[in-house]
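Predicted model, so just to flag it, every value in this text is computed and none were measured. So that the names make sense, note that chain A is the first sequence line, chain B the second, and so on, each numbered from 1.
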Number of protein chains: 2
Amino acid sequence: MKKNNLYYFCVLADELHFGNAAKKLHITQPPLSRAIQQLEEELECLLLKRDQRNVTLTPAGEYLKQRGDVLLANLSEMKSEVKKIVHGQKGELHITLVGSIIQRLMPYLKRFIRKYPSVKIKISQYTTREQIQLIKSGDADIGFLRGPIFARGLNLYDFYKEPFVLVTPRHFKGTVSKIEDFQQLSNMSYISFPRYLARGLHDQITRICNMAAYYPHVIHEVHQLDLIVRMVECGLGISIIPQCGLDGLLADIRTFKLDFISQQSVISCYFNDLKDNPVLGNFLKELNISKEVHKK
Amino acid sequence: MKKNNLYYFCVLADELHFGNAAKKLHITQPPLSRAIQQLEEELECLLLKRDQRNVTLTPAGEYLKQRGDVLLANLSEMKSEVKKIVHGQKGELHITLVGSIIQRLMPYLKRFIRKYPSVKIKISQYTTREQIQLIKSGDADIGFLRGPIFARGLNLYDFYKEPFVLVTPRHFKGTVSKIEDFQQLSNMSYISFPRYLARGLHDQITRICNMAAYYPHVIHEVHQLDLIVRMVECGLGISIIPQCGLDGLLADIRTFKLDFISQQSVISCYFNDLKDNPVLGNFLKELNISKEVHKK
DNA sequence: CTTTTTCATACCGAATAAGTATTAATAGAT
DNA sequence: ATCTATTAATACTTATTCGGTATGAAAAAG
């Protein structure tokens, strides 16, 4: 089917008058006549009955008009949807995050969803380690993970920083408000997590302990922050975790904010090349992340 | 959107290789490159990511490919449906008929429906007079009506001929087997129908009576053949009707086939110009009506 | 019978598409 | 590191299509 012939025909079918239809199409009448003839040739049928005075649709023309209108509407709708995709107003955004961070992200997410209602958000919880993989492979668009992280070729932005917190069972009677206070903890058990899950975070905590000349007696390793808190609650030991690990948890424990230590836990967000998913650009805008990001 | 650009794109999206896609499209590679560029310009977006070795779809391209395939399939389906219409294999056929004729028509109709299952049949019962109007105006395609008829500009075919029948109440004791026998009827009431409903038929019957030197004493006029039969059954009079007026009726009457009279009742079918509805042509073929029809 | 309306045809120039030859860039091989 | 092969883009030419002007034909309106 030629360029605009179907469109020409549909307009003509509305007007049932070559001259008027041509005017509407901003062309002259002869090209329109020929276009319709071509269409009729291609479909091997008469679409219009011209009896020198009146133009009427044949049954085939009637049908073509009906279907053609739908088809053309479909075409233009498709075009506009494509444009939406390009401008990141439609599509999918796959976000991965470490569990404890969802509450901090929520306000941004809410704003984004209100602004881009046609974007389908996919959120999954993964370990720091897994997220790096997903983003590198393009299966996720942006990951919120606990830094610091060493990943080549990914864009980095420090989304959020917060102090570490020492968590102890309720029955712990001391106070920890300066670095020397760590000494009281020497004979207590320590609950940790496997280093491979989040090397940066693990090393950061180790550094804190070293600074305080505190050498934790690790007896348990668990995989989730909230499980650490539960272990502490049961009196099985103490731990140092990022503040947000306590978000939304009701636990009968004591907490000591380690804000007298310069080390802070950082939630970084990592993402791949912007061009891969236009939605990502708009999401970053909502996070107030400028496009000039640091590459490692 | 230009001529084939969408199709070009969809094939390219299948191949993800300009050279191969061009081969599949029976064009060379440069025109394809340009076609895609044009499409991208029109949609103001990148549809493909070319990294010198591999071609991959962007999200927008992915979407366009999906919708585009559907759209193109729709387009070609539309074309083939149009062709079906032109060849009378799809569409509507509006048949009108006088009630008494449906049983004679049924075998043809059955065959036609089996052969053209996509054709929607519309049958309505009308008087002779009304049918002429409907066919002239194009609201019906073909009408089966009781002739003879004088209608300018319509195509005519004598579909079926049958003898007239004299119907009398059960208690009539005579016999009518030759023209002189009509004399016995002189003193009986006659049940007729208004002349304007079917002038030709009415006049034919009048002619029969004149021939037999029988001058019927009309006391009732009713509008339907079956009502005439019922009136006769009740002993209210006699009547002369076409044979098929008795089809499917169980009536306690006496009947005398008037086959000693040359006059026959004719069911004519009338129809408008063939081009108005391609289905009509196929229907006429099923009726074994050649295309060379008599025009009045 | 003339005029007007309206679609079709003939012809021309402009725009667009396709082909050929070549370039640029990169991946893989030597 | 250099060379070769692959692949898409670019430059340029040719062919096709498209739209415009002028005109014709047929029938309705005055």
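Within residues 22-33 of chain B, the residues that have a heavy atom under 4.0 Å from DNA chain D are, in order of number, Gln29(B), Pro30(B), Ser33(B).
Considering only the side chain of Arg34(A), dG20(D) comes nearest among dC7(C), dG20(D), dA8(D). For Tyr8(A), the listed nucleotide lying nearest its side chain is dG19(D); candidates were dC18(D), dG19(D), dA8(D).
When rounded to the nearest whole Å, the span between CZ of Phe9(B) and P of dA17(C) equals 18 Å. dT16(C) atom P lies 12 Å from atom CG of Asn5(B), rounded to whole Å. Residue Leu46(A) contributes atom CG, which lies 14 Å from atom C1' of dC7(C) at whole-angstrom precision. A straight line from CD of Glu15(B) to C1' of dT6(D) spans 17 Å, rounded to a whole angstrom. A straight line from CD of Gln37(A) to C1' of dT17(D) spans 15 Å, rounded to a whole angstrom. Spacing between atom NE2 of His17(B) and atom P of dA9(D) amounts to 12 Å, rounded to whole angstrom units. Atom CG of Asn54(A) is separated from atom C1' of dA27(D) by 11 Å (rounded to the nearest Å). Taking atom CD of Glu40(B) as the reference point, atom C1' of dA8(D) lies 12 Å away to the nearest angstrom.
A distance of 10.0 Å separates CD of Gln125(A) from CD of Glu130(A), quoted to the nearest 0.5 Å.
In this structure, the side chain of Glu40(A) engages the main chain of Leu47(A) through a donor-acceptor pair within 3.5 Å.
One finds a salt bridge joining Glu77(B) and Arg67(A) here, because a Lys/Arg side-chain nitrogen approaches an Asp/Glu carboxylate oxygen to under 4.0 Å. We find that Asp14(A) and Lys24(A) are not joined by a salt bridge, their nearest charged nitrogen and carboxylate oxygen being 4.0 Å or further apart. Taking a cutoff of 4.0 Å between a charged side-chain nitrogen and a carboxylate oxygen, Glu81(B) and Lys90(B) qualify as a salt bridge.
Dashed line: the shortest gap from a side-chain N or O of Arg50(B) to OP1 or OP2 of dA9(D) is under 4.0 Å.
Between His223(B) and Phe193(B), a ring centre-to-centre spacing not shorter than 6.0 Å is recorded.
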Could you check Tyr108(B) against Phe159(B) for ring pair (Phe, Tyr, Trp, His ring centres under 6.0 Å), going step by step and ending with a plain yes or no?
CA-CA 11 Å; Tyr108(B) 299 96; Phe159(B) 172 64; 5.5 Å; yes
